[in-house]
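All of these numbers come straight from a predicted model, not from anything done at the bench. Letters go in sequence order (proteins before strands), and every chain restarts at 1.
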Amino acid sequence: MADLRIKIGSLEFRNPVILASGTCGYGAELEDFIDMSQLGGIIVKGTTLEPREGNAYPRMAETASGMLNAVGLQNKGIDYFEKHIYPLLARYDTHVIVNVNGNSVDDYTELSRRIDNLESIPAIELNISCPNVKQGGMIFGTNPASAREVIAAVRKVYKKILIVKLSPNVTDITEFARISEEEGADAVSLVNTLLGMAVDVRTMKPKLSTVTGGLSGPAIKPVALRMVWQAARAVRIPVIGLGGIMNAGDALEFIMAGATAVQVGTATFIEPRTAPQVVTGIADFLAEKDFDSVSRIIGAINRF
Amino acid sequence: MADLRIKIGSLEFRNPVILASGTCGYGAELEDFIDMSQLGGIIVKGTTLEPREGNAYPRMAETASGMLNAVGLQNKGIDYFEKHIYPLLARYDTHVIVNVNGNSVDDYTELSRRIDNLESIPAIELNISCPNVKQGGMIFGTNPASAREVIAAVRKVYKKILIVKLSPNVTDITEFARISEEEGADAVSLVNTLLGMAVDVRTMKPKLSTVTGGLSGPAIKPVALRMVWQAARAVRIPVIGLGGIMNAGDALEFIMAGATAVQVGTATFIEPRTAPQVVTGIADFLAEKDFDSVSRIIGAINRF
Amino acid sequence: MKKRIEDLVVTGNRRLAESFFVIEATSAGVLPEILPGQFVQALVTESPSTFLRRPLSIHDVDRTSNTISLLVQIAGPGTERLSRLVPGVDKINLLFPLGNSFTLPSKGQRVLLTGGGCGMAPLLYLGRKISESGVEPQFALGFRNRSRILEHNEFRKLGTVHLATEDGSEGHKGFVTDLPVFRENDWDRVYCCGPEPMMKAVAASCRERNIACEVSLENLMACGMGICLCCIVPTNAGNLCSCTDGPVFNINDLKWQTSE
Amino acid sequence: MKKRIEDLVVTGNRRLAESFFVIEATSAGVLPEILPGQFVQALVTESPSTFLRRPLSIHDVDRTSNTISLLVQIAGPGTERLSRLVPGVDKINLLFPLGNSFTLPSKGQRVLLTGGGCGMAPLLYLGRKISESGVEPQFALGFRNRSRILEHNEFRKLGTVHLATEDGSEGHKGFVTDLPVFRENDWDRVYCCGPEPMMKAVAASCRERNIACEVSLENLMACGMGICLCCIVPTNAGNLCSCTDGPVFNINDLKWQTSE
Ligand SMILES: Cc1cc2nc3c(=O)[nH]c(=O)nc-3n(C[C@H](O)[C@H](O)[C@H](O)COP(=O)(O)OP(=O)(O)OC[C@H]3O[C@@H](n4cnc5c(N)ncnc54)[C@H](O)[C@@H]3O)c2cc1C
Ligand SMILES: Cc1cc2nc3c(=O)[nH]c(=O)nc-3n(C[C@H](O)[C@H](O)[C@H](O)COP(=O)(O)OP(=O)(O)OC[C@H]3O[C@@H](n4cnc5c(N)ncnc54)[C@H](O)[C@@H]3O)c2cc1C
Ligand SMILES: Cc1cc2nc3c(=O)[nH]c(=O)nc-3n(C[C@H](O)[C@H](O)[C@H](O)COP(=O)(O)O)c2cc1C
Ligand SMILES: Cc1cc2nc3c(=O)[nH]c(=O)nc-3n(C[C@H](O)[C@H](O)[C@H](O)COP(=O)(O)O)c2cc1C
Ligand code: FES
Ligand code: FES
């Protein structure tokens, strides 16, 4: 079998397929369907310093080949996480990564510092791109100076693998990828959701309580793929691609466009076994085409 | 029947449904299906000063609930247009609008000046957002200073109704809407296509000859709708909404989000009668809900 | 409870009144334990505008044939597509069993199961389980009018059925809460699943009379497994997921703020 | 020619060898004039991954029953869905007739119709029209191997059929261009529709021997009506639309640069 291993900084992943944050809970909910040891990693739910109730209902709307969500980072905060969730994560035979969120640079650094102390968490994903929270969140991901500030600050206090999750709601994604690289990130992951909305014509109201929300699913794949391609050509650090991956073919598109690894998000809601199926599909493709490792096809469209 | 008339600047439209540029040719191709007098208007193909051959084949790829195109403004230039096409357009009993494109400010102004002389063209749509041409095109639509320069220059030479077509590939759409308003545009139309790409996994090549292209269709509707909502709240000039409108329900979403008029694009490829069907559907909705005019529901979600 | 994803064979598809139908889906293997009030997430294939699965209550379970039945109302493209499934030909992919369950009554309790429209769906299996536990359920079912009354023979086999129609064209005139049987004061437990106004009216009346009452909510869901956090219900314990902490809630825990 | 959009009733769906099938679609009214080489844009409903219509050549036209037939190969989700259309039950929405047409021969000309796979589709109706014009067509059909040979009785009724298989398992071994009948030097006109390498080989040979040759191209199309400009073919007259200026082109006008 082809070698599926990839590396993000010094961290080796069994294969390039990772569960995306906010779409896999803390893993436990998926245990009936996924053996975590089949995956490269799992990025657990967006976590904040303080507990958050999230946004009001309704929080989701279906759209053409996609969905909008306005969850707003509902989570019980880092104290609860450390005490009640972290102990359960240690048993997974895969890399468990925490998605880190904040309203201020201090929030981000404080939270990162706390997670740096958690032995079985080898990496964080710095979410500077959540479109569903009023302050913070996307501001950091759409303003270059703020992005630089928060990444630099976190890099100072967080010693392990730092992945920066970029927002697609920007004019030039390469700018944010370059800033991440310059400030010492080990990788960038993209994309988070596109800011979108939907209207209920019958009631003449927005479908989401927050009016706008994050668009995910196959609808955004072409945009995500384009941004991954652009980012991968702009920086030397690995790019982790996501946005609308529903099967191995989609994942291979991202890898061929330059992604070192991929994340599976919304697809898990519809078919919880998508991520392991993507692993198998990538392996099958490599075997069929006689490639000895997945790294051989990273960025392939730029070469063939 | 409810009053469907709307106004863009001083120009009254029979109804708010317009055929989008690049998706209806010069109208003649659709005559078997559409009686132009049923529509608010038609925006003919993107036109340039000089003839353009456009991009190489392949120029399109289907995506989930959408398509990518990389036509690249293939057209025969303004001389040919004036001589051979313009005379045919005069017979349409609807507003015929020309979509104006250029590589430089001079291109845009020269072309606009030429069209200002064409009596039966009451308006132009200044396309500062085409993602499929190397120079010009999107540059003007993603750089605020360039956008301001080209709009101001065209406004000086073009006396009739000036619509500025905005690119969705920006961090803040309201910035460009405001610049358009400040520089004297009569309306903004949005969105043009989102920059996307697709990879053929079998050949490991991009599906488009240009690698990236413009994404249209229902996939982009949530993003388009969000930008229309944002723009409509940021400026007082009318906003013309488009992006993924396939039926009257979609059009109503845009109108309720703040659009004064809408354009039907890609839908015409699949169902050439979409635009007149949208007109009927809007009228039916207004009748059912007892609204006496379409203007009553423009921006409705902000009020109800 | 262990969840599974399975392609079941569609073995029945019966049209009821108006836009309602009952799908029977048979497993090739043995069905897992299923609690009353649990639901499935059904994959709708061949429907271009249906991206997510569709949550549907488990209407009944037949263990001899390993068949689940679903009582569905056509509400949009997803349910419309399901209404055209062809028995013997088509399969239906289900993720199940999902959610918590109704609390079964203790011996000797008097219980009333109230519902209407597709809200009747979970009440049949609940009634069956209650009946199996040795308690006789009674049913209070509400409909718009005579022509919208759904087949309820299976309910009758389990216990007395009381009908209400809004226009009085059959049964009692009014809502289920107007039924004399509902107003009697000696219910130990009331269960309700139906349109929100019905559930609120039932809940209000029960709260007033101190009757234990559980309702089954139909919040919008994306995953159905507790991972998306889209289906939340504000409760006294904070935002809970209606797909894992529900869909069945005790009315005393609910804030009901989401609804107006 | 006036185009129309119509829901035709699927009156036939026959499976041929391998992944090929023939759909018969019958109009409730009278079919318009249809030229050989023209195509339809078929709407594929109930296929979530099929957004655009699918271009398909008109394989045959039966004016007594107002039936169009389409010869289709399963290439992906759209054609796969079409392959499951149920005669008597399903409809198929067609936008047609589209495109230009093959040039019919003059009286007394010798004509060869070459093709393979689904490229055979337009050749039957072309052969019929040629035959009706008083010229006897001959057919040179190429296939991978015996098991991939498509039914061609209808072709035989119109003129001699010459078969080639790449592995020689039936007919002549090799490509259509290897057929002795093809190499004869006295064709006045050759028509070709098939995989690009076949069309290029036929074109090269015809150009060399100064034989008038028309090919039918299968460029990717979005609209099929000349409005999207996605289906362009580089020709001596610039980029032309293969949906309106084609799909039939004289090889002397083509640049063929797009293909390598
Ligand atoms: C736990 C649960 C159990 C349910 N049980 C049944 C049942 O037994 N029988 C039945 O007929 N219906 C049931 N529903 C409702 C059913 O899920 C929706 O009617 C269905 O999803 C509509 O899909 P559609 O594509 O046909 O229509 P859509 O066009 O998607 O929607 C039509 C209407 O249904 C609502 N709706 C859409 N999606 C959902 C969703 N995921 N959850 C709830 N409402 C939605 C929409 O707001 C809209 O008003 C249940 C819902 C839940 C949450
Ligand atoms: C004028 C014309 C006439 C045609 N006539 C026939 C015919 O008579 N019988 C037949 O079987 N096929 C014919 N084709 C090809 C047919 O259109 C494609 O096989 C079909 O569109 C594939 O759709 P799909 O969803 O099944 O597969 P997809 O997954 O969409 O595509 C599978 C393969 O087909 C190619 N393809 C996809 N869309 C198109 C398109 N719009 N045009 C051309 N190729 C495409 C793709 O590049 C891919 O390699 C014709 C094409 C054209 C342009
Ligand atoms: C319901 C939901 C919740 C999400 N929550 C988070 C989150 O907490 N943190 C984060 O970085 N991304 C979050 N995302 C974004 C996903 O991780 C992913 O970036 C996005 O959905 C695009 O990928 P997809 O199309 O494969 O889903 C969320 C997405 C969804 C649909
Ligand atoms: C094939 C194609 C060609 C287009 N050409 C132009 C153009 O010349 N000028 C322009 O302003 N927009 C052009 N567009 C963009 C459309 O006018 C429209 O903004 C976009 O497709 C989104 O709307 P839709 O989703 O309804 O198609 C083109 C779109 C397509 C699909
Ligand atoms: S539906 Fe996803 S958490 Fe309940
Ligand atoms: S397919 Fe649109 S112009 Fe030919």
Side-chain angles (χ1 to χ4, degrees), chain A residues 19-34 42 44-46 51-76 132 200 202 207-209 213-214 216-219 244 246 265-274, chain C residues 1-7 32 41-45 47-55 75-78 93-99 196 217-235 237-246 254-260:
Chain A
L19 291 171
S21 179
T23 63
C24 58
Y26 296 112
E29 300 83 350
L30 292 168
E31 278 181 354
D32 291 342
F33 300 111
I34 304 185
I42 164 173
V44 299
K45 198 179 284 191
R52 294 183 58 116
E53 277 284 286
N55 295 317
Y57 180 88
R59 289 181 176 183
M60 84 101 181
E62 194 181 50
T63 65
S65 299
M67 65 174 278
L68 289 161
N69 89 80
V71 171
L73 293 173
Q74 176 177 336
N75 82 101
K76 297 201 163 132
N132 292 326
D200 184 331
R202 212 171 27 83
K207 288 195 177 173
L208 301 176
S209 68
S216 62
M246 300 297 284
T266 306
T268 301
F269 299 164
I270 297 162
E271 172 49 88
R273 299 163 301 190
T274 303
Chain C
M1 286 175 67
K2 207 170 152 63
K3 299 181 282 286
R4 59 163 84 176
I5 297 175
E6 192 181 332
D7 276 322
Q41 277 275 59
L43 190 66
V44 185
T45 52
S47 174
S49 50
T50 308
F51 175 62
L52 298 163
R53 287 178 183 260
R54 291 294 185 264
N93 183 282
L94 302 182
L95 164 56
F96 73 105
L98 301 172
E196 206 164 277
L217 303 184
E218 296 199 350
N219 279 17
L220 287 171
M221 293 184 177
C223 72
M225 299 174 280
I227 54 179
C228 76
L229 306 188
C230 288
C231 63
I232 49 124
V233 191
T235 71
N239 282 339
L240 293 184
C241 280
S242 79
C243 69
T244 46
D245 301 309
L254 290 178
K255 293 199 170 168
W256 287 115
Q257 297 120 316
T258 56
S259 23
E260 263 79 34

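Among residues two or more places apart in sequence or in another chain, the salt bridge (Lys or Arg N to Asp or Glu O under 4.0 Å) test is passed with K3(C) by D32(A). For R59(A), there are no salt bridge (Lys or Arg N to Asp or Glu O under 4.0 Å) partners at least two apart in sequence or on another chain.
For chain A, the option among A222(C), G224(C), G226(C) with the highest count of heavy-atom pairs below 4.5 Å is A222(C). Considering only heavy-atom pairs separated by less than 4.5 Å from chain C, the leading option among A64(A), S65(A), A28(A) is S65(A). The candidate from C231(C), P48(C), C230(C) with the greatest count of non-hydrogen atom pairs under 4.5 Å with chain A is C230(C). The greatest number of non-hydrogen atom pairs below 4.5 Å with chain A, out of G238(C), C223(C), S49(C), is found for C223(C). Per-residue heavy-atom pair counts under 4.5 Å with chain C were compared for A61(A), A219(A), P218(A), and the maximum is reached by P218(A).
No donor-acceptor distance shorter than 3.5 angstrom exists from the side chain of E62(A) to the backbone of T50(C), with no hydrogens or angles considered. Side-chain atoms of D245(C) never come within 3.5 Å of backbone atoms of L240(C) as a donor-acceptor pair (strictly under, hydrogens ignored).
Only the backbone of T63(A) comes within contact range of chain C, with heavy atoms under 4.5 Å apart. Contact annotation for L43(C): only side-chain heavy atoms (C-beta onward) come within less than 4.5 Å of a heavy atom of chain A.
Counting heavy atoms from C-beta outward, L19(A) and I34(A) have side chains that approach closer than 4.5 Å. Side-chain contact between M225(C) and P272(A): present, with at least one pair of heavy atoms (C-beta onward) separated by less than 4.5 Å.
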